[in-house]
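Below is one structure, written out as structure tokens; the observations come after it.
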Amino acid sequence: MTGFPESTAVQGPAPAVPPGRRGRRAADVPTLVDRARDGDARSVARLISLVEDTSPLLREVAAALTPHTGRAQVLGLTGPPGVGKSTTTTALVRAYRGAGKRVGVLAVDPSSPFSGGALLGDRVRMSDHAGDPGVFIRSMASRGHLGGLAWATPQALRVLDAAGCDVVLVETVGVGQSELEVASLADTTLVLLAPGTGDGVQAAKAGILEIADVFVVNKADRGGAAQTVRDLRSMLTLGGRAADGAWRPPIVSTVASRETDNGVPDVMDRIAEHSAWLAASGEGRRRRVARAAREIEAIALAGLRSWLGDVHGSAALGTLAEQVVAGQTDPYRAADELVARL
Ligand SMILES: Nc1nc2c(ncn2[C@@H]2O[C@H](COP(=O)(O)OP(=O)(O)OP(=O)(O)O)[C@@H](O)[C@H]2O)c(=O)[nH]1
Ligand SMILES: [Mg+2]
């Protein structure tokens with residue numbers, strides 16, 4: 001994570017008007033939130049832009065959303081490039097819509113400099129859901145995220161949650177550190193692999209076997225899917241016997257590109273079972289508390305960093321430095337004094 005813009009630091013009231021990166025008019029946050037809750041797609045998009053851009057209105061947005069959040073089931077999809085995450089996301093959206101659920105999708109690409117929907121067509125076949133008021137799709141990328149995607153994504157999730165999404169699917173690309181962070185935002189994480197690419201071994205190396213709640217071996221229409229399932233099973237067994245009552249991640253084979261007989265209903269069943277286990281075991285709550293703790297830490301650290309930025313080169317620091325050189329104090333006491341002014 002890098003710096004944090006002054007305007008979003010912890011101190012000071014937010015100005016009433018955002019800087020308007022795209023020359024927008026001032027937003028009336030309560031109205032936007034009311035409209036988003038009624039399912040108005042433009043207001044949802046607008047709120048996500050506000051949190052993405054670390055707008056000065058961010059705090060007001062977060063406060064206004066909070067009473068309406070905590071309902072959405074967050075599903076993370078991760079796995080190597082090209083494994084079929086977007087195709088699976090599209091199939092899941094269709095299936096959850098079929099079950100009458102309101103669905104949100106966040107396509108997160110930590111490596112991409114683009115955002116705001118430009119890449120959407122490539123990521124999730126939006127046209128499948130065009131005009132469906134029960135689906136919100138948004139792509140997010142590193143551009144503009146001074147706090148990092150791991151910081152921006154929970155805010156966007158909160159918007160979709162408040163907008164009444166029953167399910168939010170978060171697709172991330174790759175198997176790097178930021179993907180792990182984003183995956184950790186989910187209630188249930190699906191790790192996708194494909195046969196014949198050594199994905200399983202790569203995934204084990206990257207440490208994503210541990211984060212999987214459900215494994216999906218996609219492209220099961222290709223040769224080697226059964227072998228990939230066997231490899232995965234033996235790698236999981238090598239991990240040792242699960243404790244009593246622990247969740248044992250199931251492995252589902254899919255052909256996400258097919259309209260029917262694609263294994264997607266099985267994936268949904270396993271997700272539902274995991275969801276029930278999360279509730280019964282208390283692990284669901286533990287995960288959400290851990291997630292909130294990380295978020296608070298990230299926000300507080302950003303504030304501290306911004307404060308430290310102000311301290312650097314400040315008169316107070318200069319005075320303390322003079323005192324250390326003059327032998328009037330030592331650097332430890334000087335640092336304590338500096339921190340005490342926080
Ligand atoms: N044969 C076969 N092809 C599939 C299947 N699922 C997806 N594909 C194809 O695989 C390619 C990549 O699919 P995507 O869904 O874009 O994969 P992705 O993991 O989202 O890719 P990135 O977001 O770029 O990492 C596309 O051409 C899909 O049509 C499947 O079950 N079988
Ligand atoms: Mg994709």
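Read the numbers this way: they start at 1 and go in the same order the structure lists the ligands and their atoms.
Ion pair Glu283/Arg287 flagged as a salt bridge, since at least one NZ, NE, NH1 or NH2 atom sits closer than 4.0 Å to an Asp/Glu carboxylate oxygen. Classification of Glu273 and Arg270 as a salt-bridged pair holds, one side-chain N sitting under 4.0 Å from a carboxylate O.
Applying side chain to side chain contact (heavy atoms under 4.5 Å, CB included) to Leu320 and the options Gln328, Arg333, Glu337 leaves one that passes, Glu337. For the side chain to side chain contact (heavy atoms under 4.5 Å, CB included) criterion with Val170, the lone passing option out of Leu77, Leu157, Leu75 is Leu157.
Taking every heavy atom of Lys85 and a limit of under 4.0 angstrom, the matching atoms of ligand 1 come to 15 (O), 17 (O), 18 (P), 19 (O), 20 (O), 22 (P), 25 (O). Under a 4.0 Å criterion applied to the non-hydrogen atoms of Val255, ligand 1 contributes the atoms 31 (O). Those atoms of ligand 1 that come under 4.0 Å of a heavy atom in Pro81, given as number and element, are 25 (O). For ligand 1, the atoms lying closer than 4.0 Å to a non-hydrogen atom of Ala256 are 31 (O).
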Verdict with supporting geometry, Thr188 and Gln73, side-chain hydrogen bond (donor to acceptor under 3.5 Å, both in side chains): CA-CA 8 Å; Thr188 299; Gln73 180 185 14; 4.8 Å; no
Ser257 and Val255: CA distance, side-chain angles, deciding distance, side-chain contact (heavy atoms from CB on, under 4.5 Å) verdict: CA-CA 6 Å; Ser257 53; Val255 186; 3.9 Å; yes
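Polar contact check, Ala220 against ligand 1: no nitrogen or oxygen pair lies under 3.5 Å apart. Considering both main-chain and side-chain atoms, Asn218 comes within under 3.5 Å of ligand 1 through a nitrogen or oxygen pair.
Of the listed options Thr172, Thr87, Thr254, Thr87 places a heavy atom closest to atom 14 (P) of ligand 1.
Closest approach between the Mg ion (ligand 2) and any N/O/S atom of Glu171 involves OE2.
Here Asp221 has side-chain heavy atoms under 4.0 Å from ligand 1, and that is the only part of it that gets that close.
In terms of the side-chain contact (heavy atoms from CB on, under 4.5 Å) criterion, residue partners of Ala316 (sequence neighbours excluded) are, by chain and number, Ser314, Arg341.
Within the structure, ligand 1 has Glu171 among the residues with a heavy atom less than 4.0 angstrom away.
The Mg ion (ligand 2) has an N, O or S atom of Ser86 closer than 2.8 Å.
Residue pairs meeting the salt bridge (charged side-chain N to carboxylate O under 4.0 Å, His left out) criterion with at least one member in residues 33-42: none, sequence neighbours excluded.
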